[in-house]
Protein chains: 2
Amino acid sequence: MGDAVAATIRDVATAAGVSQSTVSRALSIPELVNPATRARVLAAARQLGYQPNRAARGLITGRTGNLGLIVPDLSNPFFSSVVKGVQAAARTSDYSLFIADTDEEASAEVELLRALTKQVDGIVLCSPRSPDTELVEVGLDDAVVLMNRRIDGRPSVTVDNADGMRQAVEHLAALGHERIAYVAGPRTSWSNGQREQGLHQSADATGTDLVHLGHFPPQFEGGVAAADLALASGATAVIAYNDVVALGLLSRLGMRGVPVPDQISVLGCDDIGMSAMTHPALTTVSIPKREGGRAAVAMLLSLLRDGGAAAAGASVPHRELPTQLIVRATTGVAPAPDRRTAGGHSTKGSTR
Amino acid sequence: MGDAVAATIRDVATAAGVSQSTVSRALSIPELVNPATRARVLAAARQLGYQPNRAARGLITGRTGNLGLIVPDLSNPFFSSVVKGVQAAARTSDYSLFIADTDEEASAEVELLRALTKQVDGIVLCSPRSPDTELVEVGLDDAVVLMNRRIDGRPSVTVDNADGMRQAVEHLAALGHERIAYVAGPRTSWSNGQREQGLHQSADATGTDLVHLGHFPPQFEGGVAAADLALASGATAVIAYNDVVALGLLSRLGMRGVPVPDQISVLGCDDIGMSAMTHPALTTVSIPKREGGRAAVAMLLSLLRDGGAAAAGASVPHRELPTQLIVRATTGVAPAPDRRTAGGHSTKGSTR
DNA sequence: GTCGGTTCTGCAAAGGATTGCAAGATTCCG
DNA sequence: CGGAATCTTGCAATCCTTTGCAGAACCGAC
């Protein structure tokens, strides 16, 4: 009630018996003012509960103290982990965070990017779905770091998807699997492309067959839909675009009474919290999600600090995070050839 | 490149051959300027890609055009749905949204509230964990609407938890269950209190026993931990504080080989996306999460519009949303008395 | 005692938009 | 055709902070 209206720098100045400039400096460049006066100012500021008006500061400094984060789907646990990482990093650096969810719509992405760009100092664009070209033409002036996507000449943090897939394939190959199905994610997902590529290489290297199952939405339903195809493909192991899809696979396989991993092995990607909790627990390629979020913010901040340096031709920053296969219970040795269709078709006889 | 530096109102003014005031008015109070000039101004503004500087506007109007949202845990699917509702509503009203995650820490809540309060016009505080007293003393000046919590004299939107519990209990009673266990959520959760209360009333009304199982964290692990207690309690049905906990229950029960719902029925709360996807699918009390988010924003906005009116003693707005029992596959008729401990203790004999 | 050099502080401009006030232009009515 | 009422428009102040520049005060040294 007493301080219904916030104290301004003026109030602090009069209270401390100095000028506004001195107050400003005492708070932001302490070494420039006499220790005694600084103490007086600080005391007055504390007493009045002074907090600089960010709008006024922003008006003159041109920076807002805000960061933006754009993700395709907040209800996807992968992204909520990333968000947590970004949030934590932003908070410790005293930045506030705008978060926007595009609902997996590429068009919303550029639109939000454009809208956000005015209100923040920098943006983390996570797993963008838009084509490169559209992305490049927006936000050129603003600091934007890409996550889970690489575009020439733009800062980015990615994960080593190819290596993750290599670990996955080698693991399955070691278990005796000779034919592996991949349930692909969105066509426009860069990560998906990377994974496919890594998959092909590793499949070649290990001499295993790779079956590519169309593009599915990166959701539970996508996995459900893919399960029957995977089964019919003759593969003894399925790698899913991500854990949520893998969960969908598992659900449908369970519904059909197909034993996992006895008849078919399932492997996910991301290592979301849920995947350790299913029955059986999901083997998956773990991605450092929080760390990725933190790294993106760190990069953004260093970009902001450098400012012009980057424009002067300094190298474009990039960071690649490692992946790690987590073996749990959905992957096992490949079934003997004659058992391959046992579970799924048992009631119908064994031949067809 | 051409417009590396954003156009200001000045630029528009000179381009249109009018004064800044006219431009300002043409954009915000169109009926005050001559249609012809307005057209000229609009054309110039569009051509220059003019967007008013929000900091400058905020400085003078005192409003930021931003809203804030505080949730306990973004990775909880319940909250991500709420976030989506809030986000959508904010966006359509042309507000940007700050989102903060407290990691279920009550102390972070007031801290964030305080920090956020300077940068937004209003805040939606979702499922606050802090005690009422702490909550009341902060943000008194700012517009704050509470979600999933009621505090005297503060605007809020809640759901009819008691009625949801009534539906749940009646459903179970109709299935012949006479002893129901409740796996309680956080002690400081208002929703939990409401649910307990509704539960007790309905239990009395239907003449069923209610077993209260301690307070558990509202996470998967909480359910896992509670499962054995529920089983030992002699209850034939368990109601969980929320779906995530119910999923934990289901997992542990599955691990112990307890058939659901044959030996024990499980019922959740919230109706998160996952719950329709488990095996068997979870019976749950559905809460209109998105709708809740939208309602909270609507209330906030009307509060902002009214401004002083509220202070003048207008009634404090409140909105209560309905709940709806969704019967799926985890609830069934109560087992015959002699079968009650069959699954869990079968290897140990039946008497004890 | 004066001078060059630090150190500290204040003045005033700037940043972009909004808005009360008043002047100019236009219309209307008698 | 004159005066009043109504529209339009511009001037200038204001919001709060940061910062370049310059003045004041103080130091040690010659």
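Below, read A as the first sequence line, B as the second, and so on, with proteins coming before strands; counting in each chain starts at 1.
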K.L.:
Indicate whether OP1 or OP2 belonging to C:dT9 is found under 4.0 Å from a side-chain N or O atom of A:Thr22.
P.N.:
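Checking C:dT9 against A:Thr22, no side-chain N or O comes under 4.0 Å of OP1 or OP2.
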K.L.:
Which nucleotide wins on minimum distance to the side chain of A:Ser24, given the candidates D:dG10, D:dT18, C:dT18?
P.N.:
D:dT18
K.L.:
Give the rounded distance in Å between these two atoms: CZ of A:Arg40 and C1' of C:dG10.
P.N.:
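About 14 Å, once rounded to whole Å.
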K.L.:
Rounding to a whole Å, what distance do you find between B:Ile29:CD1 and D:dT8:C1'?
P.N.:
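Spelled out: CD1 on B:Ile29 to C1' on D:dT8 is 13 Å.
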K.L.:
Specify the residue among B:Gly17 and A:Gln20 whose closest nucleotide of DNA chain D lies further upstream toward the 5′ end.
P.N.:
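Comparing both residues, the 5'-ward one is B:Gly17.
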K.L.:
State whether the distance check finds a donor on one side and an acceptor on the other, under 3.5 Å, for side chain A:Thr37 versus base C:dC8.
P.N.:
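Between C:dC8 and A:Thr37, which were checked side chain against base, a qualifying N/O pair under 3.5 Å is absent.
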K.L.:
With heavy atoms under 4.0 Å as the rule, sort B:Val23 into base, sugar-phosphate or nothing.
P.N.:
nothing
K.L.:
Salt bridge check: are B:Arg129 and B:Glu109 linked by an N-O gap of less than 4.0 Å?
P.N.:
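A salt bridge is absent here (no side-chain N lies under 4.0 Å from a carboxylate O).
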K.L.:
Any donor-acceptor pair under 3.5 Å linking the side chain of B:Thr37 with the backbone of B:Val33?
P.N.:
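It does not hold such a pair.
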K.L.:
Do side-chain atoms of B:Asp121 reach the backbone of B:Gly65 as a donor and acceptor pair under 3.5 angstrom?
P.N.:
yes
K.L.:
Answer yes or no: side-chain N or O of B:Arg25 and base N or O of D:dG10 forming a donor-acceptor pair under 3.5 Å.
P.N.:
yes
K.L.:
Check every atom of D:dT14, C:dG15, D:dT9 against the side chain of B:Asn34 and return the nucleotide holding the closest atom.
P.N.:
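The closest nucleotide is D:dT9.
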K.L.:
Identify whether any heavy atom of A:Ser28 sits under 4.0 Å from a base atom; if not, whether one sits that close to sugar-phosphate; answer base, sugar-phosphate or nothing.
P.N.:
nothing
K.L.:
Given atom CZ of A:Arg57 and atom C1' of D:dT17, what is their separation to the nearest angstrom?
P.N.:
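Spelled out: CZ on A:Arg57 to C1' on D:dT17 is 8 Å.
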K.L.:
Please give, in whole Å, the distance from D:dT18 C1' to A:Arg63 CZ?
P.N.:
14 Å
K.L.:
Have B:Ser19 and B:Ser21 got a donor and an acceptor in their side chains that come within less than 3.5 Å?
P.N.:
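Result is yes, a qualifying pair exists.
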K.L.:
Return the value, rounded to whole Å, for the distance between atom CZ of B:Arg10 and atom P of C:dG15.
P.N.:
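For the pair B:Arg10 CZ and C:dG15 P, the rounded distance is 9 Å.
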K.L.:
Closest approach to the side chain of B:Ile9, judged atom by atom: which nucleotide of C:dG10, C:dT18, D:dC11 is it?
P.N.:
C:dT18
K.L.:
Please determine if B:Glu111 and B:Arg114 form a salt bridge, counting it only when a charged side-chain N lies under 4.0 Å from a carboxylate O.
P.N.:
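No, this pair does not count.
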K.L.:
Name the closest nucleotide to the B:Ser21 side chain, picking from C:dA17, C:dG10, C:dT19.
P.N.:
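Closest nucleotide to the B:Ser21 side chain: C:dT19.
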K.L.:
Quick check for you: among C:dG10, D:dG10, D:dT18, whose closest atom lies nearest to any side-chain atom of B:Ser19?
P.N.:
D:dG10
K.L.:
Rounded to the nearest angstrom, tell me the gap between atom CG in A:Leu32 and atom P in D:dG20.
P.N.:
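Between P of D:dG20 and CG of A:Leu32: 11 Å.
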K.L.:
Distance check needed: D:dC16 C1' versus A:Asn53 CG, whole Å only.
P.N.:
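Answer to the nearest Å: 6 Å.
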K.L.:
Any side-chain N or O of B:Tyr50 under 4.0 Å from OP1/OP2 of C:dG16?
P.N.:
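So the side chain of B:Tyr50 is outside the cut-off, no N or O lying under 4.0 Å from OP1 or OP2 of C:dG16.
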K.L.:
Side chain of A:Pro52 only, heavy atoms from C-beta on: which candidate in C:dT19, D:dT17, D:dC15 is closest?
P.N.:
D:dT17
K.L.:
Count the heavy atoms of every other residue, nucleotide or ligand shown that sit under 6.0 Å from CD of B:Gln47, and state whether that count exceeds 12.
P.N.:
no
K.L.:
Output the rounded distance in Å from CD1 (A:Ile60) to C1' (D:dT17).
P.N.:
6 Å
